[in-house]
Amino acid sequence: MSRRYDPHAIEPKWQDAWERDSLYSVTEDATKPTYYLLEMFPYPSGDIHMGHVRNYTIGDVVARHLTMRGHQVLHPIGWDAFGLPAENAAIKSNTHPAEWTYANIETQKASFKRMGFSYDWDRTVVTCDEGYYRWGQWIFLKFWERGLVERKSSPVNWCPSCKTVLANEQVLGDGVCWRCKSAVEKRELEQWYFKITEYADELLNDLETLPGWPERVKAMQANWIGRSEGAEVDFTLCDADGEPTDTTITVFTTRPDTLFGCTFFLLAPEHPLVGELVYGTEYAAPVLKVVEAAAKETAVERAMGEREKRGAFTGRYVVNPVNGEKVPVWVADYVLMEYGTGAVMAVPCGDQRDFEFARTYGLPIPPVVLPEDDPALETLREVRDRQFDNVTWECAYDGPGIMVQSGAFTGMPTGKGGAGVQAVTRWLEDRGTGRFSINFRLRDWLISRQRYWGNPIPAVHCPACGLVPVPETELPVRLPRSVDITKGETLADHPEFYTTTCPSCSGPARRETDTMDTFTCSSWYYLRYCDARNDEAIWEFEKAAYWMPVDQYIGGIEHAILHLLYSRFFTKVFRDMGLVTFGEPFTNLLTQGMVKKDGEVMSKSKGNVVAPEDMIAEFGADALRAYVLFMAPPDKDLEWSYDGLEGMFRWLGRVWRLVAEVGKETAGGCGIAASGDPATKNLRRETHRVIGKVSDDIGRFQLNTSIAAMMELTNAAYDYRKAVRDGARDLALTREVAETLTLLLAPYVPHMAEELWSEVLGHQGSVHRQAWPAYDASAAAAEEVEMAVQVNGKVRGRITVAADLAEEAIMAAAFTAVASHLEGKEVVKAVVVAGKLVSVVVK
RNA sequence: GCCCGGGUGGCGGAACAGGCAGACGCGCCGGUCUCAAAAACCGGUGGCCGCAAGGCCGUGCGGGUUCGAUUCCCGCCCCGGGCACCA
């Protein structure tokens, strides 16, 4: 054993030993409580960065801790290995995406082992392995059987840089691609969809069943799903002469109570009726100008939010079902085809956008809802028919109020979800011209991608039979290796791939050449870990039932919607298929903060990257692990500091020397000791206080304070050595403290703890197979406590009293301690807070 | 505009349930050892006043509740993130 702490000597040694002994492989064991701890699996980008180090270290500490606590802990890892970066890298370096990907996986795997992570390597999944992606295709077929797959044409997001379409979730708020950040364009294309909207209600409602998720993430998902209650209202379209036709146009509104204030009607520029309405009329030119301007607009421009509204009159009218009034139909660029029906009833007095539009184009703004304190209410309260056509307001009013100029509903209180809303909806339902309705912002998930390095969609286009699923028995549809991505080829360039016969009629047919969104691969990997090597089924029901749901999931906030929403959707479908019995995959979620340098995220372009490898080379993996945990609570961002890492290494050196000295001291046995002196008592108490603190803190993910507590125990042990000279020490206690500290440290600095346990303290068997130190509350309890004495809120003295002293006696001692401050004053009140302080109020 | 976070020493951060603000670490200052340095160790370290004992101020700002507020309530300011022409 070397005298100094030398991580470079001990870390690789133990990493090899753990691998040799398969120390972290687990199987189902009905006698133990289970715990499934999962960190989001990485994309194999090559080198690991500090974000990985932090994410996986947090998980590793918790996994190791729970194992020592007697749990059967599933702690797997794998690679989210399909995706565009592999294609881009392949083009750059003239290799094949597969080669690049598998080489990177090896590099990353080596880095993870070098960090000492306790993964069950036998369960590794790699999503681009045939044995994995075939089950992804199987899922696609099962979804299809259940009516959850659809191929349809609609306006979609197109990333010109990635040369593929994107799902709505994959376009960031400012209208750019989530991966490459280039501006996304709109294109009308036929694509494959998963009908996630069928689960919209459940995805929203079940958020309430997830108390272990951060509020922030739940709020973001709820926001994204965007449920609105309201009504559908049918407006009858008039012909060119203004006579009603058989055609109705339906709108969705959250405020049917304001229908009487509808003075114009709007269609989205992309609305299919627009061309037909203006064809061959004098209105065609100005309307088409608006349509074309909107079409040219990029998603970035659209995402800018409220801008100048543009529109044009179509020359046509619709009939308002509540009052039979004919209102003009306009095309307006602020109406979205993607939301609701692409048509809107405009109520300028109650909607700010309609208000601005009306002011721009000189359309009337009659008031239909007035706030209780509006002076105009007096004259309008009883007025059923429209008398006032134009408010003088500066902006629309959408708050609660009284309905006016609203026929039979006049005088009724109303507002969002108010009585008026319900009354008008019922009225419409009775006449068949409207109905209660719920609308979601969430759109179906566009899953097809026009790229090579992904999971092929198992479908065939047959000229006779249409779209035909590939039979289950023919899975997998293999992704051919021969595609030359460096020439920009995709599956659509490979006749040997797409030429096929129809599974239904055996006639010539064309295989689908799109691949699936990589988010489909990551939506079920956590289930596959439960039975990763199964070739007969996606997983064995009992094995998934044994481990799932994931007890603790750890990953980045960037997946607050994307991966986490998709996975929840998949799990609900699996439940409906009978593959699992639960509807939520992740019971608890921790979103870890970013690692920053100089206040900014580490990135190559900013040139502020700190390479984990360099830090390991200098201080070892253990110091790096402990450091990233110590510098901030896991969910907060942390600011990297080299000096801080050095300080961590220093502390580990101190622990090393302490345990080494104790090891030497107690090598020949602990003999008799049992001194009852205060220093010894104090150290014993401190030891148990720290056991309690570290145990609690891990449970709360306060890993930074748990390390601080271990530092305090180290300091206390050194204080004891200073206070009690060689030969006089309680060796049994000294040994107990050293062993306790080693056990507490084991999850954090697994190599050092292993070396101390076996080589320095001379135990048999891995420290990681030992039981977590037992916390003894009575041992941690102090016999005497120091209490502060406050006079009028200021600390004026201190008393040290027996912990169980009666309140009157404490009070008496306190009065004595602050006698000078009480002189000549009258005590008005005195409060004793056990173990903390005495508060005296004087006059 | 709406919804979440957050604002505490020179820095990262503590304070679990309203109870002594600043744990722990970094940095800095002083010291021991050394020819010197590194390492290690010892002591100090919120601000102001004071030789000292001690006193006053102090958790973004302004109020409030309370014996007592970083913590609870009301009203603001600033920073970060998410969503946003969603009818």
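First the proteins, then the strands, lettered A, B, ... as listed; each starts at 1.
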[X] side chain: which of [options] is closest?
X: Q790(A); options: C85(B), C26(B), G19(B); answer: G19(B)
X: T705(A); options: C41(B), A87(B), A14(B); answer: A14(B)
X: N715(A); options: C57(B), C3(B), C24(B); answer: C24(B)
X: L336(A); options: A23(B), C41(B), C86(B); answer: C86(B)
X: A788(A); options: G12(B), C57(B), C20(B); answer: C20(B)
X: P633(A); options: A15(B), A14(B), C67(B); answer: A14(B)
X: E712(A); options: C56(B), G6(B), C24(B); answer: C24(B)
X: K722(A); options: C42(B), C67(B), G25(B); answer: C42(B)
X: E786(A); options: G43(B), G55(B), C20(B); answer: C20(B)
X: R798(A); options: C20(B), A87(B), C57(B); answer: C20(B)

Please give the distance between the [atom1] atoms of [N] and [M] as a whole number of Å.
N: U70(B); M: C61(B); atom1: C1'; value: 15 Å
N: U8(B); M: G80(B); atom1: P; value: 14 Å
N: G22(B); M: G30(B); atom1: C1'; value: 22 Å
N: A23(B); M: G12(B); atom1: P; value: 15 Å
N: G27(B); M: C11(B); atom1: C1'; value: 7 Å
N: C77(B); M: G25(B); atom1: C1'; value: 32 Å
N: U59(B); M: G54(B); atom1: C1'; value: 24 Å
N: C28(B); M: C33(B); atom1: P; value: 22 Å

Do the side-chain N and O atoms of D444(A) and T197(A) include a donor-acceptor pair separated by under 3.5 angstrom? yes
What about R216(A): does its side chain form a donor-acceptor pair under 3.5 Å with the base of C3(B)? no
No-H, no-angle donor-acceptor pair, K309(A) side chain to C85(B) base, under 3.5 Å: yes
How long is the straight-line distance from CD1 of I707(A) back to OH of Y748(A), given to the nearest 0.5 Å? 6.0 Å
Between [atom2] of [N] and [atom1] of [X], the distance in whole Å:
X: L658(A); N: A40(B); atom1: CG; atom2: C1'; value: 15 Å
X: M337(A); N: C86(B); atom1: CE; atom2: C1'; value: 14 Å
X: L565(A); N: C83(B); atom1: CG; atom2: P; value: 13 Å
X: D635(A); N: G13(B); atom1: CG; atom2: P; value: 11 Å
X: M648(A); N: G25(B); atom1: CE; atom2: P; value: 10 Å
X: R4(A); N: A40(B); atom1: CZ; atom2: P; value: 8 Å
X: K218(A); N: G5(B); atom1: NZ; atom2: P; value: 11 Å
X: D696(A); N: A17(B); atom1: CG; atom2: P; value: 12 Å

Determine: side-chain N/O of [X] to OP1/OP2 of [N], distance under 4.0 Å, yes or no.
X: R650(A); N: G27(B); answer: yes
X: Q702(A); N: A15(B); answer: yes
X: R443(A); N: C86(B); answer: no
X: K794(A); N: G19(B); answer: no
X: R310(A); N: C85(B); answer: no

Which base, if any, makes a Watson-Crick or G-U wobble pair with [N], both distances under 3.5 Å?
N: C2(B); result: G82(B)
N: C67(B); result: G19(B)
N: A52(B); result: none
N: G9(B); result: none
N: U45(B); result: G27(B)
N: U32(B); result: A40(B)

Take a 6.0 Å sphere around CZ of R310(A) and say whether it holds more than 12 heavy atoms from other residues, nucleotides or ligands. no
Before giving the answer on side chain to side chain contact (heavy atoms under 4.5 Å, CB included), spell out for V838(A) and Q790(A) the whole-Å C-alpha distance, their side-chain angles and the decisive distance to 0.1 Å. CA-CA 6 Å; V838(A) 180; Q790(A) 293 183 342; over 6 Å; no
Step through it carefully: locate the ring centre of [X], locate the ring centre of [Y], and say whether they are under 6.0 Å apart.
X: Y361(A); Y: F264(A); result: no
X: Y566(A); Y: W445(A); result: yes
X: W640(A); Y: Y627(A); result: yes

Could you check if a side-chain atom of V832(A) sits within less than 4.5 angstrom of a side-chain atom of M787(A), using non-hydrogen atoms only? yes
How would you label the contact of D637(A) with the nucleic acid (heavy atoms, under 4.0 Å): base, sugar-phosphate, or nothing? sugar-phosphate
Heavy-atom nearest nucleotide on RNA chain B for K836(A) versus S839(A): which residue maps closer to 5'? K836(A)
Measure from NZ or CZ of K309(A) to the centre of the six-membered ring of Y334(A), then state whether that distance is under 6.0 Å and the direction lies within 45° of the axis. yes
Is the glycosidic angle of G50(B) within 90° of 0, making it syn, or outside that range, making it anti? anti
